[in-house]
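Naming: A, B, ... by sequence-line order, numbering from 1 per chain. Worth saying up front: this structure is predicted, and the values here are computed from it rather than measured.
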Amino acid sequence: GESVGLHLPTLSVQEGDNSIINCAYSNSASDYFIWYKQESGKGPQFIIDIRSNMDKRQGQRVTVLLNKTVKHLSLQIAATQPGDSAVYFCAESGNTGKLIFGQGTTLQVKP
Amino acid sequence: DAGVIQSPRHEVTEMGQEVTLRCKPISGHNSLFWYRQTMMRGLELLIYFNNNVPIDDSGMPEDRFSAKMPNASFSTLKIQPSEPRDSAVYFCASSARGTGGELFFGEGSRLTVL
């Protein structure tokens with residue numbers, strides 16, 4: 001998983017632009033991946049998931065890409081809106097069955 | 001539909017006191033998870049239950065922490081005695097498909113131990 005740190009990486013984008021949030025995972029046995037969004041003062045909220053037998057999955061305005069070769073996951077948000085401002089977490093689940101969360105990335109949307 | 005319900009939303013207590021956090025999972029979900037969130041360590045899995053049975057408690061920090069799930073609709077996380085380093089937001093989540101599926105999180109219980 002991602003290293004623990006005091007400061008979350010921050011991505012700042014202009015409203016209307018596309019956002020790409022990246023995540024690296026360490027367990028090559030992980031076979032299920034989820035992206036969560038967490039707004040201030042709230043619990044994480046499911047966005048989209050993908051299993052290891054896929055490399056791309058699309059939802060409404062969101063796309064998740066999985067590159068198992070380099071153990072990389074990304075979340076693409078099209079036409080980013082102010083309501084997309086939040087902390088985004090990737091999470092992985094593997095042979096242990098546990099869902100392990102990454103460090104998180106703060107997305108700031110500028111009007 | 002009601003989501004995962006946690007109480008209390010905020011708790012301020014003094015070091016040494018007992019703290020009990022409560023969770024009501026989504027009806028029909030058979031897996032329940034307790035997570036702790038801090039700036040330093042992010043979201044950490046403390047323990048999870050399948051069908052009311054604790055499956056993995058390796059994330060529970062110390063013997064001061066205990067969790068129970070007496071029935072399918074209720075779980076508690078207890079800290080006794082509490083310490084300032086226990087200050088965090090504690091989340092409960094439930095799932096219909098165990099660890100391989102989407103987790104639905106509650107709003108969290110923010111604990112401050114003075």
Side-chain angles (χ1 to χ4, degrees), chain A residues 1-10 21 23-27 29-54 57 59-60 62 64 66 75 86-106, chain B residues 1-10 21 23-26 29-51 53-60 88-111:
Chain A
E2 297 170 22
S3 60
V4 173
L6 286 173
H7 303 287
L8 295 179
T10 299
I21 301 171
C23 175
Y25 65 95
S26 57
N27 186 0
S30 292
D31 58 6
Y32 180 61
F33 305 87
I34 308 181
W35 280 100
Y36 279 87
K37 171 187 180 183
Q38 186 176 24
E39 296 174 325
S40 181
K42 295 188 176 181
Q45 182 181 17
F46 173 90
I47 302 174
I48 191 167
D49 60 0
I50 189 168
R51 296 204 176 268
S52 58
N53 60 351
M54 304 173 68
R57 190 162 188 227
Q60 188 176 16
V62 294
V64 55
L66 174 63
L75 176 71
V87 177
Y88 289 80
F89 294 94
C90 65
E92 59 178 303
S93 176
N95 50 7
T96 64
K98 296 180 186 180
L99 193 63
I100 306 299
F101 283 78
Q103 179 183 1
T105 297
T106 299
Chain B
D1 288 340
V4 174
I5 299 172
Q6 292 186 246
S7 65
R9 290 295 313 277
H10 301 274
L21 307 178
C23 175
K24 177 178 168 52
I26 293 173
H29 283 188
N30 61 348
S31 296
L32 183 140
F33 305 77
W34 283 101
Y35 280 85
R36 176 172 67 176
Q37 186 174 39
T38 61
M39 282 301 296
M40 284 295 294
R41 301 178 67 87
L43 271 163
E44 301 174 277
L45 177 63
L46 301 178
I47 185 172
Y48 74 90
F49 296 83
N50 263 3
N51 297 317
V53 176
I55 301 301
D56 186 338
D57 65 354
S58 59
M60 296 285 264
V89 181
Y90 291 82
F91 287 102
C92 176
S94 70
S95 169
R97 290 182 286 168
T99 55
E102 176 188 350
L103 299 188
F104 293 81
F105 283 80
E107 297 284 81
S109 293
R110 179 175 293 277
L111 173 64

Below 4.5 Å from any heavy atom of chain A, which atoms of [X] appear? Answer side chain, backbone, both or neither.
X: B:Ser58; value: side chain
X: B:Gln6; value: neither
X: B:Leu45; value: side chain
X: B:Arg9; value: side chain

Side-chain (A:Tyr36) to main-chain (B:Leu103) donor-acceptor, under 3.5 angstrom: yes
Measuring heavy-atom distances to chain B, does A:Gln38 have an atom under 4.5 Å in its side chain, in its backbone, in both, or in neither? side chain
Shortest non-hydrogen contact between B:Phe91 and A:Lys42, atoms and distance: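 What the structure gives for the nearest pair is CZ-O, 3.7 Å.
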Quick one: pull up CD in B:Glu102 and CD1 in A:Ile48 and give me the separation to the nearest 0.5 Å. 11.0 Å
Distance in Å, B:Phe33 CZ paired with A:Leu99 CG, rounded so as to fall on 0.5 Å steps: 7.5 Å
Centroid-centroid distance, A:Phe101 to B:Tyr35, less than 6.0 Å: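 Yes, ring centres under 6.0 Å apart.
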